[in-house]
Structures are given as C-alpha cells and as structure tokens.
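Here is the naming used below: chain letters follow the sequence lines, and residue numbers restart at 1 for every chain.
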Number of protein chains: 2
Amino acid sequence: MATTEPRWLDDGQQKTWRAYLAASQLLSDHIDRQLQRDAGMPHTYYALLVWLSESPERRMRMTDLAERSKITRSRLSHAVARLEQNGWVRREDCPTDRRGQMAVLTDEGFAALVAAAPGHVEAVRGALFDRLTQEQVRQLGEIMRIVAEGLAPRGGADLPWRR
Amino acid sequence: MATTEPRWLDDGQQKTWRAYLAASQLLSDHIDRQLQRDAGMPHTYYALLVWLSESPERRMRMTDLAERSKITRSRLSHAVARLEQNGWVRREDCPTDRRGQMAVLTDEGFAALVAAAPGHVEAVRGALFDRLTQEQVRQLGEIMRIVAEGLAPRGGADLPWRR
DNA sequence: TACGACTGCTTGAACATTCAACGACGAATG
DNA sequence: CATTCGTCGTTGAATGTTCAAGCAGTCGTA
C-alpha cells in the first residue's frame, strides 16, 4: 500500500528554489513596471514586438509567434487585439492558408519599440547583468537552456515514450 | 546633445536573457498548471500557505507575508480574500496594532497544503532539479540570491541616495 | 494634546491571463 | 468526393493582477 514517500527537496535545492522564486518574481515585476511606466506596455507585449521586428518583413504567423514567445495562442490573440488598438500591430490574412493570420509590426509599433528599447536594456542590465560575472552569465544561460528544453512541448520532454 | 548610445547586451548576455525568459515562462506555466489542476490554486497562493505553515502558530501579519512573498499588499489582500472563501485561511485582528490583520492558516488550509505538496515537489523536481547537476544547483542559487538582493526594496538598491 | 506625516490594509476599476468551447479551413483516408 | 480528424485562431466568462485612492490607526514632534 502506501504510495511511497515523495522525494522532498534537500536543503540546497530548497534554498535555491526559494531564491529562484524570489528573484524571478522581483525581476519580472521590476521589468514590467519599468516598461509599463516608460512605454505603456507589459513585458510580454514588448517581447512580441521584438520578435516581429526581427522577423522577415516584420511579420509572423500567429501560431509561430505564440510558440516563440512561449505563450498560448489564446493569450496571443488577446495581446494582439490590444496591440492592434494601439496601432502597433496589424493583422493580415495569410496568403497560403485561409485559416491563418499574420501579425504585422507597423511603423508606429517599430517606433514604439525603438523608443522603449534603451530604457528596457538599462533595466535588464541594472537588475541582472551588471551584478553577475561573465562566468555566471554563462552558467545561467546554460542552466536556463536546459530547463527550457526540458519543458518545450516539442522535445518530447518527459518520458519513456508517448503512445 | 545626443543622449549617449545605450550599452546594448553583448551576444552572450542576449542569449542568456532569452533563455531565461523562455525558461521562466515555461516553468511558471508548468508549475501553475500542475497546482491548478491538482490543488485548485495557482502557485502564488500555494506559496502563501507554505509561508504560513512555517510560521509560529501558522499566522503572519499581512505586511510581513507580503514582504516574504515578494508580492504587493494589494495583491495579498485579494489573494487572502480568495483563500478565505476556500476556508484555507482566516483573518484575525492583530492584538498589538489595531490597524493590523493576521492571516491564519486553518486546519483545512494545512490539509490542502499537505495534499498538494507531493505533486508539487515532483513537478519542481522533474522540471528543474532532476535536470541539473549539484554544481548547477549551487550556481543557480548563488545567482538568484544576488539578483534578489539587488532588487529588494530594503537593500537601497539603486542609487546615490534617496531623499 | 494637537498636528502632520506615515503605516497597514482594503477597495474597485482597468487590465491581463486562463480555460473550455467554437467555427472555419486543411489534410488524410476511403 | 465525403468523412473524419487535426490545426488555426478567436471568443467570452471566470480568475488573477495592477494601480490609484482611501480610511483608520500610529508615530514623531512641538
């Protein structure tokens, strides 16, 4: 009987987990507040503009954009609706798939991005990179890549094998 | 004229930042979904129960709880209202400060926590600790402590000096 | 004690996110 | 071609979060 006792976190893991929770909470609040104040949008929305700006013709299929941003299609749909109201993004029908929509970064959107970028970078730097050694930046990158890969829907993350 | 060109992120920093964004987004979604499904509450709320459960007499002043959890008092107020409806937390007047309120973990709340804990730990482990070496766990802890300290309202984080 | 400034906590409205359900189209199968 | 199933993207309702404002109690100071 007895479902086996769960493997609790050891002391080091516990401390790391709590430090992570505190730091990530504080960091995302910090970044969000800065962007909201100086650019009138939360970081999630800013990130969408960045992805679009780097994409050929500054446009991307909704699903691709959602996947890159690691957000749900639903969330993206709402987000783009808002960005559209601000005139920063425009929707266009996809020429090759009649179900599809393209999110297109407008000139106004690009301008908003350009205006917001310096303050944003400064915030990220001040909170993160200015405080870490180069070696720590490397370590953090490595760790986060492992975590992200493990959770990516693609990678066949967990398991024996599904099905 | 010309405000000086912002110090952009170098390539390594850029990659680390994007990996961090992806990983933290995926991780918090993963954890939230697991808890929402199995315990009927988001992680933020779960964390509140944890703090209370570890506190003497399972109670804490609202402001202290907010500070520990790194959330705003407003957010805590709403959260406790919801936890109170679930019967997991109860409010009591603070005996020493008539403005104050204590959040008290009820027996039901404690039971909910006990029930949720194993699944939660398993989720955290599976997504994070099972994938990292001991050394990486140490590194991550160190890095996150630095970030958290830098952003703590206490530390007098930024600046010349206020006032 | 009276005053002003500050702290503790709450409130409601605006905004963002999740979740389940849906309509429309595409692709595979017979 | 007809069926069936999967994908694309959206919607609305429920839920959570932010922000600015507010009331009530406390503290410092004269």
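In this structure, CZ of A:R61 is placed 7 Å from P of D:dC8, rounded to the nearest angstrom. Separating the CG atom of A:D64 from the P atom of D:dT7 is a distance of 14 Å, rounded to the nearest angstrom. Note: CE (A:M62) to P (D:dC8) measures 12 Å, nearest angstrom. Per the geometry, CD1 belonging to B:I71 stands 9 Å off P belonging to D:dT18, to the nearest Å. Spacing between atom NE2 of B:H30 and atom C1' of C:dT18 amounts to 17 Å, rounded to whole angstrom units. Computed from coordinates, the A:H43 NE2 to D:dT18 P distance equals 15 Å when rounded to whole Å. If you take CG of A:D93 and C1' of C:dA24, they are 13 Å apart, rounded to a whole angstrom. Atom P of nucleotide D:dC8 and atom CE of A:M60 are separated by 15 Å, given to the nearest angstrom.
Contact annotation: B:R99 does not reach the phosphate of C:dT10 (side-chain N/O to OP1 or OP2, under 4.0 Å). The phosphate of C:dC9 (OP1 or OP2) has no side-chain N or O of B:R98 nearer than 4.0 angstrom.
In this structure, A:L76 CG and A:M62 CE are separated by 4.0 Å, a value rounded to the nearest 0.5 Å.
The side-chain heavy atoms of A:R59 and A:S55, taken from C-beta on, include no pair separated by under 4.5 Å. Residues A:H120 and A:V124 are in side-chain contact: their nearest non-hydrogen atoms beyond the backbone lie under 4.5 Å apart.
Under the side-chain hydrogen bond (donor to acceptor under 3.5 Å, both in side chains) criterion, the residue pairs touching residues 41-50 of chain B are B:T44-B:R75, with sequence neighbours excluded.
Within residues 18-28 of chain B, no residue places a heavy atom under 4.0 Å from DNA chain C.
Using a 4.0 Å heavy-atom criterion, one finds that A:D32 contacts no nucleic acid atom at all.
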(request) Mark up nucleotides 11-17 of chain D, 5' to 3', with B wherever a protein heavy atom is under 4.0 angstrom from a base atom, S wherever such an atom reaches only the sugar-phosphate, and - elsewhere. (result) BB---SS
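Qualifying side-chain hydrogen bond (donor to acceptor under 3.5 Å, both in side chains) partners for B:D38, counting only residues two or more places apart in sequence or in other chains: B:Q34. A search for side-chain hydrogen bond (donor to acceptor under 3.5 Å, both in side chains) contacts involving A:N86 returns nothing, not counting sequence neighbours. When the side-chain hydrogen bond (donor to acceptor under 3.5 Å, both in side chains) test is applied to B:E54, the partners found at least two apart in sequence or on another chain are A:R18.
Using a distance-only test at 3.5 Å, with no hydrogens or angles considered, no donor-acceptor pair links the side chain of A:T106 to the main chain of A:R90. Counting only distance, with no hydrogens or angles, the side chain of A:R131 and the backbone of B:I146 share no donor-acceptor pair below 3.5 Å.
Comparing D:dT7, C:dT10, C:dT18 against the side chain of B:Q101 picks out C:dT10 as the nearest.
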